[in-house]
Amino acid sequence: MTFFLKSKKFSKRMKNKIQELYDLMYLNLGPQGWWPVYDLKLKKCVYIPNRYTKNSPKLIFEISVGALLTQNTSWINVEKALAKLKEEGYLSPKKIYEASFEKLYELIRSSGYYRQKAEKLKNLSLFFIKNSLKELSKKNVFELRKMLLEIKGIGRETADSIILYGFQKPIFVIDSYTRRIYLRFFGDEKEYDYDELREIFEKSLKPDLKIYSEYHALFVEVAKRYCLKKIPLCEKCFLSLKCFYAKEFKNGKYTLSKNRQIS
DNA sequence: CGCCAGGGCCTCA
DNA sequence: TGAGGCCATGGC
């Protein structure tokens, strides 16, 4: 597959394909209601489709904590940690910054890597203590991203998740699911750098908060339901008619490198 | 039991 | 600047 060459002729086609993938997922799965927020009464995380009101400071912090805790970790484990943090009133920068490491370990243990993540949460909390949300909200996407990336423990995906879902500014989030579906659906085996792949999506779409939010959330849903790591459920997947990998699979030939790790 | 899960940091060429 | 090792819990 060579339609991702830099020539303009191909980039138009690339744009259409990326928009087509979005449309297919959105039409089949609908709005996803990201980012999930822990509900104290229901005692679980809730998804609220089409909520695009402005996030409160508390919500921005909760989303940031969730984005950090879910690094290389299944959401269900994060949800348990978020529940404890929120139930015990620790979901504020001040409380986390002042908490002992022992206490934080106890609260977030279920989310894995809990020693690293406790340290990261402290760094994140100090960031929100030192910078007012008013000032942060005024920053443009790139200034905000630069500041977040200076926090030890916040990498590109976490920063972008915080910006998109927390601060509600349009930046396209790339994660392992995005890479997997991108590779399989388009059959494009080039190993893009994080920002290279982000720009492919951003150049193909309007810089629209709703589209960016839904696109990433839809990738996660498709990856969890159908596009599994080892054995993708192509026969059940609504993308299979348009998916490069599914079509090759059906024809009994794999042109994707067989031994390539698809993470 | 092994694999997977909404990464990021450190080290060492 | 990129590849490899490390971090850790919980579900299946």
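Order of the sequence lines sets the chain letters (A, B, ...), proteins ahead of strands, with each chain counted from 1.
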Quiz prompt | Audit row: A:Arg179, A:Glu191, salt bridge (charged side-chain N to carboxylate O under 4.0 Å, His left out) steps and yes/no | solution = CA-CA 9 Å; A:Arg179 291 183 181 282; A:Glu191 299 196 33; over 6 Å; no
Practice problem: May I have the step-by-step check of salt bridge (charged side-chain N to carboxylate O under 4.0 Å, His left out) for A:Glu135 and A:Lys139, ending in yes or no? | Solution: CA-CA 7 Å; A:Glu135 291 303 316; A:Lys139 307 278 183 193; 5.6 Å; no
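For the residue pair A:Glu214/A:Tyr22, the side-chain donor-acceptor check at 3.5 Å is not satisfied. Looking only at atom types and distance, the side chain of A:Thr178 has no donor-acceptor partner in the side chain of A:Arg180 under 3.5 Å away.
Across the protein-nucleic acid pair, A:Leu69 atom CG and B:dA5 atom C1' stand 14 Å apart, rounded to whole Å. When the C1' atom of C:dA8 is taken as reference, atom CG of A:Leu68 falls 15 Å away, rounded to whole Å. Going from atom CZ of A:Arg109 over to atom P of C:dG10 covers 8 Å, rounded to whole Å. Atoms OH (A:Tyr114) and P (B:dA5) sit 23 Å apart, rounded to a whole Å. As a whole-Å value, the separation of A:Ile231 CD1 from C:dC12 C1' is 13 Å. In this structure, the CG atom of A:Leu121 is 13 Å from the P atom of C:dA8, given to the nearest Å. In this structure, A:Lys230 places its NZ atom 14 Å from C1' of C:dC12, rounding to the nearest Å. Distance A:Glu79 CD to B:dA5 C1': 15 Å, rounded to the nearest Å.
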Quiz item: For every nucleotide of nucleotides 7-13 of chain B, 5' to 3': is a protein heavy atom under 4.0 Å from its base (B), only from its sugar-phosphate (S), or from neither (-)?
Solution: BSSS---
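Here the side chain of A:Glu143 pairs a donor or acceptor atom with the backbone of A:Asn140 at under 3.5 angstrom. The backbone N or O of A:Asn55 sits less than 3.5 Å from a side-chain atom of A:Gln168, completing a donor-acceptor pair.
Between C:dG10 and B:dG8, the distance separating the two P atoms is 22 Å to the nearest Å.
Residue A:Arg115 has no polar side-chain atom (N or O) positioned under 4.0 Å from OP1 or OP2 of C:dC7. Remark: A:Lys229 is in phosphate contact with B:dA5, judged by side-chain N or O atoms under 4.0 Å from OP1 or OP2.
When A:Lys117, A:Lys120, A:Gln116 are each tested for a side-chain hydrogen bond (donor to acceptor under 3.5 Å, both in side chains) with A:Gln71, only one passes: A:Lys120.
Between A:Phe172 and A:Tyr215, the distance from one ring center to the other falls under 6.0 angstrom. Between A:Phe238 and A:Tyr226, the gap from one ring centroid to the other is short of 6.0 Å.
Contacts between residues 209-225 of chain A and DNA chain B, defined by a heavy-atom separation below 4.0 Å, involve A:Val220, A:Lys224, listed by number.
If you check C:dC12 for Watson-Crick or wobble pairing at under 3.5 angstrom, you find it paired to B:dG2.
The A:Ser74 side chain lies nearest to B:dA5 when the options are B:dC3, B:dA5, C:dA8.
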